[in-house]
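Structure first, then comments.
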Amino acid sequence: MKNVRVRFAPSPTGYLHLGGARTALFNWLFARHHKGSFILRIEDTDSQRSTDEALEVIIKGLRWLGLDWDEGPEKEGEYGPYFQAQRTEVHRKYADRLVREGKAYFCYCSPEELESMRKKAREEGKPPKYNGRCRDQSDEQRKEYEEQGRKPVLRFRTRQEGTTKINDLIHGELSFENSLLDDFIILKSTGTATYNFAVVTDDIEMKITHVIRGDDHISNTPRQILLYEALGSTLPEFAHIPMIFGSDRAKLSKRHGAVAVTEYMKEGYLREAMVNYLALLGWSTTDSQQIFELDDLINKFTLKGCSKSASVFDFKKLEWLNGEYVRKMNIDELTEKAMPFILDANLNVEDKEKLRKAVSLEQEKIKLLKDIPGLIDFMLKDDIGYTDKAVAKVLKKEGSREVLSDIMEKINGMDDFSEKELEEMVREYCRRKDLKTGKVFHPLRAAVSGRTTGPGLFVMLEFIGKERVLKRIEESMKYT
RNA sequence: GUCCCCAUGGAGUAGUGGUUAGCUCACCACCCUUUCAAGGUGGUAGCAGGGGUUCAAAUCCCCUUGGGGACGCCA
């Protein structure tokens with residue numbers, strides 16, 4: 001395939017939604033796979049709702065995911081500007097042409113009039129559409145409206161005969177009756193383009209070859225195709241990817257939990273995991289591969305592998321994938337990425353080496369970066385607390401006190417406080433006393449860590465150090 | 001209401017006329033093991049329903065049902 005040009009065209013009216021991120025990802029993957037261009041175009045024609053903050057958040061999200069664009073904001077290219085609001089000249093140029101050719105006309109109907117039109121159509125069991133009242137009005141009539149100070153909108157004269165077909169790369173052929181479509185508005189009374197018109201003209205101007213977007217745009221497509229035809233432009237290829245649902249099979253929204261990609265960023269998900277997971281929603285390879293390095297993903301991504309049906313976002317699977325990536329990561333990088341979370345928990349980070357080691361001892365257990373402080377704090381802090389479980393299920397148990405006091409004595413006499421020596425000492429003690437290892441291991445772990453789970457007992461003891469271990473055992477005796 | 005799309009276990013999916021319906025997550029059990037994980041082995045669970053076509057249907061056609069989307073001077 002030659003000169004593939006695709007775009008992601010968000011409107012800056014809110015956060016970058018998971019669904020949007022997935023659409024961006026598919027476009028990006030498609031572009032990278034075909035060595036084409038990925039363009040970011042900001043659809044900010046709704047000046048009421050567009051904000052700079054939203055734009056910032058979207059850009060931040062895309063950057064975090066690593067979806068770099070070849071043309072777009074902060075990356076000017078041949079086909080700019082890349083903010084739709086700055087393209088009104090282009091839109092008007094195309095609109096003028098349609099007017100000249102009689103393919104568009106001015107409409108002076110008020111919002112109230114339109115509303116009652118729609119209501120009436122609906123009551124008659126017809127699709128709510130504009131009734132074409134201003135389609136063939138005389139110049140006199142127009143003049144009269146103008147004199148009244150009415151501001152017109154520009155409507156597209158939609159052909160009412162025949163059907164419009166979409167040859168969708170994912171869905172195959174879809175067809176729509178033109179008679180069901182109305183003369184939709186292409187320029188608002190403010191003179192700015194509406195979505196359908198702006199998209200088409202900008203896609204033409206930017207030489208977009210493939211329009212890859214959410215399923216929810218299918219019903220817009222016939223209108224857009226009609227526009228392409230009226231403008232005499234060749235159609236891009238269309239590929240409508242399925243939507244993402246929440247667990248109740250309804251459109252993913254706030255109540256399903258986090259939907260903004262920046263939230264995942266903040267919670268300590270890894271970019272690689274997020275990208276991998278998003279790719280798996282609505283796309284797959286025939287061998288059901290689950291884990292993809294980025295290059296591999298680019299290499300294997302095809303629209304053919306996209307499914308037609310909506311998919312449900314599964315937070316559990318995302319977590320699993322995140323854990324997979326955490327386990328694969330080298331310890332320096334992991335520690336580095338965990339830093340913000342560790343700092344946030346006020347842990348002592350002066351001794352980098354110690355910190356690294358602590359993280360590595362818990363690496364296999366980490367799912368999210370934000371879990372890290374809670375997993376390692378007892379190894380770094382001087383004072384620890386004891387969990388209810390550690391007290392009730394272990395320390396309070398018969399015999400714990402004696403074991404702890406014996407072990408404390410043994411430790412006192414140790415010179416080489418190493419993992420190896422510690423293990424030998426404890427095992428020897430078990431043999432001597434004819435105790436099951438658990439009878440000793442468990443109280444010792446609880447006494448020293450304050451909890452019932454953690455890294456291997458002896459590495460942990462060595463790491464915490466003789467002095468602190470002794471102090472903690474003594475402290476723990478209060479609970480026995 | 002009108003039009004459109006979709007339909008394989010709880011979730012993501014493979015499968016394009018002949019398979020014991022495969023894989024991943026989740027769940028359960030066992031193994032490993034000082035704990036928690038990780039890992040290993042095994043298990044529960046699925047072609048929405050009904051009609052066709054065919055020697056043969058998850059796969060092709062029709063209907064029903066269910067879910068979703070669109071119908072704005074929003075994008």
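Below, read A as the first sequence line, B as the second, and so on, with proteins coming before strands; counting in each chain starts at 1.
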Between the base of [N] and the side chain of [X], is there a donor and acceptor pair under 3.5 angstrom?
| X | N | result |
| --- | --- | --- |
| K129(A) | U2(B) | no |
| K365(A) | C36(B) | yes |
| S309(A) | C6(B) | no |

| Sub-3.5 Å donor-acceptor pair from the side chain of Q160(A) to the main-chain atoms of D182(A), do we have one? | no
With a 4.0 Å cut-off on heavy atoms, is [X] in touch with a base, just the backbone sugar-phosphate, or nothing at all?
| X | result |
| --- | --- |
| N220(A) | base |
| R118(A) | sugar-phosphate |
| L457(A) | base |
| G454(A) | base |
| R122(A) | base |
| L187(A) | nothing |
| T192(A) | nothing |
| Q363(A) | nothing |
| P455(A) | base |
| C430(A) | nothing |
| G214(A) | nothing |
| R213(A) | nothing |
| V312(A) | sugar-phosphate |

| query | For F156(A), is the NZ or CZ atom of R223(A) found under 6.0 angstrom from the centre of its six-membered ring and inside 45 degrees of the ring axis? | reply | no
| Is the charged tip of R22(A) near the ring of F26(A): under 6.0 Å from the six-membered ring centre and within 45° of its axis? | yes
When rounded to the nearest Å, what value does the distance between [atom1] atoms of [N] and [M] take?
| N | M | atom1 | result |
| --- | --- | --- | --- |
| A45(B) | U54(B) | C1' | 31 Å |
| G68(B) | U8(B) | P | 15 Å |
| A58(B) | G50(B) | C1' | 16 Å |
| G52(B) | U13(B) | C1' | 29 Å |
| G9(B) | A48(B) | P | 7 Å |
| C3(B) | U16(B) | P | 35 Å |
| U44(B) | C5(B) | C1' | 34 Å |
| G22(B) | C60(B) | C1' | 23 Å |

| request: Measure centre to centre between the rings of Y386(A) and F378(A), then say whether the value is under 6.0 Å. | output: no
For [N], the Watson-Crick or wobble partner whose two distances fall under 3.5 Å:
| N | result |
| --- | --- |
| G42(B) | C28(B) |
| A48(B) | U64(B) |
| A70(B) | U2(B) |
| U59(B) | none |

| Would you say the side chain of E319(A) lies within less than 4.5 Å of the side chain of F315(A), judging by non-hydrogen atoms? | no
| said: Any non-hydrogen side-chain atom of Y195(A) less than 4.5 Å from a side-chain atom of H217(A)? | reply: yes
| For C3(B), does either OP1 or OP2 sit under 4.0 Å from a side-chain N or O belonging to S219(A)? | no
| query | Do any side-chain nitrogens or oxygens of K188(A) fall under 4.0 Å of OP1 or OP2 in A75(B)? | reply | yes
| note | Rounded to whole Å, CZ of F184(A) lies from C1' of G72(B) at a distance of 13 Å
| Nearest heavy atoms of L181(A) and K129(A), plus distance in Å | O-NZ, 3.3 Å
| task | Could you pick out which residue, E177(A) or M243(A), lies toward the 5' side of RNA chain B when each is mapped onto its nearest nucleotide? | result | E177(A)
| task | Could you say whether K126(A) or D248(A) is positioned toward the 5' end of RNA chain B, judged by the nucleotide with the nearest heavy atom to each? | result | K126(A)
